[in-house]
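Okay, structure first, notes after.
Excluded from the calculations below are hydrogen atoms, water molecules and symmetry mates; all remaining heavy atoms, backbone and side chain alike, are included. Just so we're on the same page: letters track the sequence lines, and every chain starts at 1.
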There are 2 protein chains.
Amino acid sequence: MNKNKDVAGEEPSGALMADVARLAGVAISTVSRALANPGRVNEKTRAKINAAARQLGYTPNAMARGLRVGKSNIIMIILPGSLYYGVSQIIPQVLQSINKSLIQGGYNLMIANLDRDEISERHILDLAFGGSVRGAIILSSKLPEVDGRSLANSGLPIVSMLLDMSDAGLQSVVTNDREAVRDVTAELIRLGHRRFFYLAGPEGNYHDVERYAGVLEALEAAGLSDELVRRSGGHLDYQHGFDIGVQAADDFAQLTEKPTAVIATSDDMAISFVSCIQRGGLRIPDDLSVVSFEGSPVCEFSSPPLSTIEQPVEEMGRAAVDLLLDAIDQRQKTAEVRTVIRSRLILRESVAAPKS
Amino acid sequence: MNKNKDVAGEEPSGALMADVARLAGVAISTVSRALANPGRVNEKTRAKINAAARQLGYTPNAMARGLRVGKSNIIMIILPGSLYYGVSQIIPQVLQSINKSLIQGGYNLMIANLDRDEISERHILDLAFGGSVRGAIILSSKLPEVDGRSLANSGLPIVSMLLDMSDAGLQSVVTNDREAVRDVTAELIRLGHRRFFYLAGPEGNYHDVERYAGVLEALEAAGLSDELVRRSGGHLDYQHGFDIGVQAADDFAQLTEKPTAVIATSDDMAISFVSCIQRGGLRIPDDLSVVSFEGSPVCEFSSPPLSTIEQPVEEMGRAAVDLLLDAIDQRQKTAEVRTVIRSRLILRESVAAPKS
DNA sequence: CGGTTTTTAGCAAACGTTTGCCAAAAACCG
DNA sequence: CGGTTTTTGGCAAACGTTTGCTAAAAACCG
């Protein structure tokens, strides 16, 4: 916002609508209308205004517009505390997908990082209550609240991604964790596997509950006992996936009756587990089949190439933005609070029939 | 921004400063001063105001403040077109580091994605010229320009990260690409390697120029010919690292005189190259030593664990924010346009002395 | 051509906060 | 206690854009 009113000509200069009006010889409100409501302004007048705006490199001041209209053009995305894990590209994928869709809808994307401390929760609530943002997409997190303020009470349109909060009435875009893991477990059963090793995320975590339930459902559907599956992990969060996998390799070494198939609930766990197991002399998939969850690109170049359930992150991002923009525009496009976008199993060389 | 003026009491309600003033029995300007310039308001009055603000859950409207003060509290980060690669965690690391530092400085972080098309370039320039953002950090990209508007001419404080633009007068935070690659090449030479295979990023790209120059410097310092190094790649961008590595494995297979050491300029290239080479029967590091650049976490769990040069991304993010905030506050903290933060070589099992 | 209807431009106020200025109140000092 | 200085609260205008309303201009029609 360069206030340099003395510069005339083609120089970009942070011109105001008032400058455009002066140059075009019309009122400020006519400029506003010509740009935002062209049908309300005579074509000849409009041409004059557009030429003046172009000459001055006029760019509207979004703060002024937001204040007058009472609506910001910013959407915040609330991200979980730690933005990076091991090989996961979920955050970059989500950001790119969402940003692209938002820009097409005329919005800008702001990052709000939810560290689960007071400072970051207050930051998010300030954005919501101060009118700075027009809506929120929240990724794998509960809604923040502090000082008697809760995001749930802010009146802000919100869409949850990855974490199903439809029970609480929150529009949610999720993938079919349970079904996907059930199907891959069924595939392992079909191959002949009867002993399973499950590498768990944090106990009670939505994703872990869903994924483990998928394993149990597949066992039940095959008429098998749920005692055929052993758990490792449960204490660390997904961002410590490598550590979970390393510990799981130790746990595995302690088992007298060795499982023949590993169901890891993140690519990180699988990768570090496989690395440690192989250093102990075991071979994948000859001695042990391995599947994981997430679909990180590097799985294709693991040794051996890792079978994984790929989450449809970009599609989910687009769906989340669509739902959010509908909520902002108060369009009732859909009665579904819960939108499920299916994950896809990618079978690679890490899975084979057990030896016997 | 709920305009519900009829609700009194503890209910969070998007209250205005005018509401706080009414409840505290003072003027609006006194509320403003009590919150922003406490020394200008009597302690008793201030207590009344703070209590009223707390009771109403008052949150300042950043758009109003920004408009009046003439300064936004938003910083944009301009990210390269594709946000995700293979195993790189640079984007999440940068975002987390920068966001944390900005919040401490009272700023919010907005994403601007530079796709190198008109729409995204115009989007960035609108943010800059419209006063929506107070500064910019640009990551691995040149400054956008379109329609006679250039980010360089916007008057906006800008810091470049990863790409050295200090020649153009732009504050730049970079790492020592050249020196780091020179040192790792020198280490390979010290181990006895005399034939090298260099997996290149895009020809002419700043990073590739620097890293390849490092290789040549090490050869020269050891009195060796630069003909001892063969290049592969040069056509694809870093985000296609896996593809570069796959193609490099083909190129390697064509070489009659096999190099004994590979210098890959990204972890993705190294990982996919190693995967393909191993499937062809070669062993790492017995037949071929491998080093790469970037320091992605998964390198520790590769087979074998991959030696890599780790970039100090978080520290660079912090430095970039410091420089940007200094420029915004017009503090002349440093005369250095170029800030170099050193990368660190992590030697793992992928590097050994050549067989003979 | 004159009366009626539609289109168009512009005035003025709004949005929520900040800050210069002034006057009143409080504090200080001999 | 009175004069002087400092502190404090409040008025009013500013920020850049939008939009309701009105009046004037243009278009329409018999």
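Checking side-chain atoms of A:Asn99 against main-chain N and O of A:Gln96 turns up no donor-acceptor pair under 3.5 Å.
Position along DNA chain C of the nearest nucleotide to A:Val69 versus B:Val69 favours A:Val69 as the more 5'-ward residue.
Among C:dG10, C:dT17, D:dT18, the nucleotide with an atom closest to any side-chain atom of A:Arg65 is D:dT18. Ranking D:dT19, D:dC15, C:dA9 by closeness to the B:Leu67 side chain, first place goes to D:dC15. Across C:dC21, D:dT17, D:dA13, the shortest atom-to-atom separation from the side chain of B:Arg33 is found for C:dC21. Which of C:dC15, C:dG10, C:dT18 sits closest to the side chain of A:Arg68 comes down to C:dC15.
Under the 4.5 Å side-chain criterion, counting only non-hydrogen atoms from C-beta, B:Ile328 is in contact with B:Ile75. Between B:Met76 and B:Ile124, the closest side-chain pair of non-hydrogen atoms falls below 4.5 Å. Side-chain contact between A:Leu35 and A:Tyr58: present, with at least one pair of heavy atoms (C-beta onward) separated by less than 4.5 Å. Counting heavy atoms from C-beta outward, B:Leu139 and B:Pro80 have side chains that approach closer than 4.5 Å. In this structure the side chain of B:Arg122 never reaches within 4.5 angstrom of the side chain of B:Pro144, judged on heavy atoms.
Remark: A:Thr30 is in phosphate contact with C:dG10, judged by side-chain N or O atoms under 4.0 Å from OP1 or OP2. Between A:Ser32 and D:dG16 there is no side-chain polar atom (N or O) within less than 4.0 angstrom of OP1 or OP2. Between D:dG9 and B:Thr45, a contact under 4.0 Å exists linking OP1 or OP2 to a side-chain N or O.
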Check the pair A:Asn108 / B:His123 against side-chain hydrogen bond (donor to acceptor under 3.5 Å, both in side chains), numbers first and verdict last.
-> CA-CA 9 Å; A:Asn108 299 305; B:His123 172 243; 2.5 Å; yes

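Computed from coordinates, the B:Ile28 CD1 to C:dC15 P distance equals 11 Å when rounded to whole Å. Rounded to whole angstrom, the span from the CG atom of B:Leu56 across to the C1' atom of C:dG16 amounts to 15 Å. In this structure, CG of A:Asn73 is placed 13 Å from P of D:dT17, rounded to the nearest angstrom. Between the NZ atom of B:Lys48 and the C1' atom of D:dT8 there is a distance of 12 Å, given to the nearest Å. Rounded to a whole Å, the CG atom of A:Asn37 is 10 Å from the P atom of D:dG20. C:dG16 atom C1' lies 7 Å from atom OH of B:Tyr58, rounded to whole Å. Distance CG (B:Leu16) to P (C:dC15): 9 Å, rounded to an integer number of Å. D:dA25 atom C1' lies 13 Å from atom CZ of A:Arg40, rounded to whole Å.
Counting any heavy atom pair closer than 4.0 Å across all strands shown, B:Val26 reaches sugar-phosphate atoms only and no base atom. Heavy atoms of B:Val41 sit under 4.0 angstrom from primed sugar atoms or phosphate atoms, though from no base atom. Across all strands shown, A:Ala64 has heavy atoms under 4.0 Å from base atoms, whether or not it also approaches the sugar-phosphate.
Shown are A:Leu102, A:Leu109, A:Val133, A:Leu127; of these, the side-chain contact (heavy atoms from CB on, under 4.5 Å) with A:Ile74 is made only by A:Val133.
Within the helix from C:dC1-D:dG30 to C:dG30-D:dC1, the inter-axis angle between the opening and closing five-pair segments is 30°, rounded to 10°.
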